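All values below come from the heavy atoms of this structure, side chains included, with hydrogens, waters and symmetry mates left out. Values in this document were obtained by computation on a predicted structure and should not be read as measured data.
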Amino acid sequence: MKTNNYISALLAAVFLTSCFDLDTAPYDSVAEGNFWETEQDAKRAIMGVYSQMREQGAFGYMPLLDTYSDIAHGPASPLEIGTYTATEDFLVSNWQDTWDGVHRANTVLNKVPGMDIDGQVKSQVLGEAYFLRALYYFHLTDLFGSVPLYDESWDISEKFMDMILPRNSADECWNFIKQDLTRAIELLPLEWTSSDYGRATKGSAYALRGKAHLYTRQWAAAIADFEEIVYNKTHSYGYELYPDYNALFQTAGPVPGNREEVFAIQNKSSIGAQYGMEFPLIYGTRGTYGSGRQTCMPSVDLADSYEMLDGSPFDWDDFIPGFNADDNVKMNAFRATLNSELTDFATIPDTALLGSIYRGRDPRLMQSLIVPYSYYLGYVGDEPLNQIYAIAAGVTAANGFIQGRGWNTYLYRKFVPQGDMDGLLTDRRHLPVNFSIIRYADVLLMLAEAYNEEGHLDKAVAELNKVRARPSTNMPALNSGPAWLRVASKEEMARRIMHERAVELAGEGHRFSDLRRWGKAEELLDGRRESEITGATLMTRSFPTRNNLWPIPSEETINNPALLPNNPGW
C-alpha cells in the first residue's frame, strides 16, 4: 500500500460543506500532538476521509467503470479490451487511492474515541468513519475480491512497516463491511442541518448494507434493509424520486428539493474552491467548457436498448429497411457533407426521420445521450455556443459542430455541462454537479431485484414501475396491458431489471459490477464488438473468466508477498 503522511492528509481535508472549510496552513507544520483535541479537529479529520472519495482510483473515476461493460466504451484501453496486466495504472490507482480512504477512516476511529469532546459529536463522527470505511472496503472487495482487513487498531504512523497481513477471505471482508455499517446505523443521524448537507446518514448506511447483502445474495436481509428506507419502517427517511431526471445531472448541487440522493459526493466549482469531478474532461467533447477528451462514450447497444414510448422494443428496421444488416444503409441514414468552408451543410440526411425516431423513445435516451443531429450548448472561446452533432468529415467546434475524437459514436449529455453553467463552472476538472454513489432509483431497482430472487414477482414489478413512472420519464408500467409489457416469470423479470438498470443508471459506473455479480460479464463481453453508429468496428473485447476480479497490483505483491496467491488466473 502507498505510503503517505496521513496526518498531513487528514489536516488537508478539502471542502465538503460550508461549515468545515479548512484554512489552516502550512499543513506540514501542524504536529499530531496539537491535533485531536477539539470538536473542530474531529470534524476536520472526518472531512479528510470524505475528500478521498474524489480521488480517481476511489470514486472520482467511478463513471469510467461503465467503459468495461456493455453500455459504454472508451478509446480501446487495455482494461476495455481485456489485455491488461497487474501493472495497469488505473488498477493500481484504484488499489492505492481506496486504501488511503480506509487508512484515513481508521485514523479517525483510532483517535476520536479518546477525545474529550461532546458525546453527540463524537458518535456522529465515528458513525461517519464506520460508514466510509465500509464504503472503501466495498470498493476494494468488489473489484479485487479478498483483501487484508486492517481495523482502527493499526496506527499506521507506528505500524506501517508491519502492515503485511495476508488476505482475508471474501466472506470475512463482506462480514466486516456489514458490521461497520451496523455500527454506522446505530450512530448516524437521520438527517443533518442544511449546512452539513451531504454527510452520511442512517439511511445511507441502511442502503449500503442492503447493497452488501445483495452482492452476497442474502436476499431476505437485503429486502429488510431496503424496505426500511423505502417504506419508512422505523423512521421517516423521506426519500423520493426527483421529478426531473435530467436536472439531477445538469444542476449544481445540492438541487433544491432533491430527496433522491441517498449518498453522494458533494461537488463545487468556484474560484478558490475547486472541489468537483472531471466529467467535462472525461465525458465532454472539444466544444465542452475547457475542452473534453471524450474518454467514455455510450455504446450503440445502449442507445438501441431504449424502448419506444409505448414500451415496445426498438428496432431500426421498423423505420429504415435493411438498416441492421447493411452498413451502407446505416451510413446513408446518418452521413452529411459540409460546404467548402466547413461552416454549413452541403448535403444532409433525413433528419426529420431521425428526430422522430429518437423523440419517439424512452425520454431518458435524449436526456442521457447526445444523438446525431441534436443540439448541445457548449462553450467555445469565451462564450456559450450551440453546437449540432453532425456525422460528417471536417466538423469543428468553432464552426458550430460537436467535435469529438473523430469517431461516429453516441455522446453523453448526462453530466456534461451546458455552457459554463451560468458562471458556476470555472474548471473542466471540477463539475459542480453532485455525483450519487447511491440514489433512490438505484435502491428501488435493487429492492426489485431482491424481491424477484425471493419469488415475490408482483412486489418486484411494483418497485421497478416506480422508476419508470418518474414524471419526466413516464414510461408505461410493466404488466399494464400490452403483450410486450407482460412479465410472468422470475427469468423475464431479471431481464427487465437488467434493462432498467442500464437505461436508468447509464453513465454512473454501476454496470461493470452488475454484470460481474450477475455472472453475465463473460457471456456479454468476451468477443464483443464495439461499433460506430454507422457500423464500423472500433474494437473487439476479450473477457476471460479471470477478469471477473482484478489482480492485486504487482508492486503490492512485491512489497507484501503474503498477498499471494493472486486472484484465479492471475
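- A side-chain donor-acceptor contact under 3.5 Å links Asn434 and Glu261.
- With hydrogens and angles disregarded, a donor-acceptor distance shorter than 3.5 Å links the side chain of Tyr136 to the backbone of Val49.
- For the pair Asn168 (side chain) and Cys173 (backbone), a donor-acceptor distance under 3.5 Å is absent.
- With hydrogens and angles ignored, the 3.5 Å screen pairs a side-chain donor or acceptor of Glu80 with a backbone N or O of Gly74.
- In this structure, the separation between CG on Leu140 and OG1 on Thr98 is 5.0 Å, given to the nearest 0.5 Å.
- Classification of the Phe415-Phe249 ring pair by plane angle, with boundaries at 30° and 60°, yields perpendicular.
- Under the 4.0 Å criterion applied to side-chain N and carboxylate O atoms, Lys490 and Glu454 are not assigned as salt-bridge partners.
- Using a 4.0 Å cut-off between a side-chain N of Lys or Arg and a carboxylate O of Asp or Glu, Asp70 and Arg511 qualify as a salt bridge.
- A donor atom on one side chain and an acceptor atom on the other are found under 3.5 Å apart for Asp142 and Ser513.
- Ion pair Glu307/Arg361 not flagged as a salt bridge, since none of the NZ, NE, NH1 or NH2 atoms sits closer than 4.0 Å to an Asp/Glu carboxylate oxygen.
- If you look at Trp95 and Phe144, their ring centroids are closer than 6.0 Å.
- Salt bridge Lys202/Glu191: absent, no basic N to carboxylate O contact under 4.0 Å.
- When atom types are taken as modelled, the side chain of Asp442 and the backbone of Ile438 share no donor-acceptor pair closer than 3.5 angstrom.
- Taking the six-membered ring for Trp and thresholds of 30 and 60 degrees, Phe543 and Phe512 have ring planes more than 60 degrees apart, a perpendicular arrangement.
- For the residue pair Tyr440 / Lys466, no side-chain donor-acceptor distance below 3.5 Å is found, with atom types taken as modelled.
- Between the side chain of Asp514 and the backbone N or O of Arg501 there is no donor-acceptor pair closer than 3.5 Å.
- A side-chain donor from one of Arg54 and Asn267 sits under 3.5 Å from a side-chain acceptor of the other.
- Side chain to side chain, Glu128 and Tyr50 meet the donor-acceptor criterion of an N or O pair below 3.5 Å.
- Counting heavy-atom neighbours within 6.0 Å of Lys520 NZ, excluding the residue itself, gives a total of 12 or less.
- Across every non-hydrogen atom of Tyr410 and Met297, the tightest pair is O-CB, 3.7 Å.
- Panel note: side chain Ser69, backbone Asp66; a donor-acceptor pair is recorded below 3.5 Å.
- Here Glu260 pairs with Arg439 in a salt bridge; the nearest charged N to carboxylate O distance falls below 4.0 Å.
- Phe279 and Phe435 have their aromatic ring centers within a separation under 6.0 angstrom.
- Ionic pairing of Asp180 and Arg133 is present here: one or more N-O contacts between side-chain nitrogen and carboxylate oxygen are shorter than 4.0 angstrom.
- Checking Ser299 against Asp301 by side-chain atom types alone, no donor-acceptor pair falls below 3.5 Å.
- Gln418 and Tyr376 share no side-chain donor-acceptor pair at under 3.5 Å.
- More than 12 heavy atoms of other residues, nucleotides or ligands lie within 6.0 Å of CD in Glu492, so this atom counts as buried by the packing criterion.
- Distance alone, capped at 3.5 Å, is enough to place a donor-acceptor pair between the Arg104 side chain and the Gly48 backbone.
- A salt bridge between Arg429 and Asp427 is absent, with no side-chain N of the basic residue lying under 4.0 Å from a carboxylate O of the acidic one.
- Taking the ring centroids of Tyr137 and Trp99, they lie under the 6.0 Å cut-off.
- With salt bridges taken as basic N to acidic carboxylate O contacts below 4.0 Å, none links Glu449 and Arg217.
- A donor-acceptor pair under 3.5 Å links the side-chain atoms of Arg259 to the main chain of Tyr237, judged by distance alone.
- Distance alone, capped at 3.5 Å, places no donor-acceptor pair between the Glu508 side chain and the Pro63 backbone.
- Residues Phe263 and Phe131 place their aromatic rings such that the two centres sit under 6.0 Å apart.
- A donor-acceptor contact shorter than 3.5 Å links the side chain of Arg516 to the backbone of Asn548.
- Ring orientation note: the planes of His139 and Phe59 are tilted relative to one another, at an angle of 30° to 60°.
- Counted by atom type alone, Gln218 and Lys178 present one or more donor-acceptor pairs between their side chains at under 3.5 Å.
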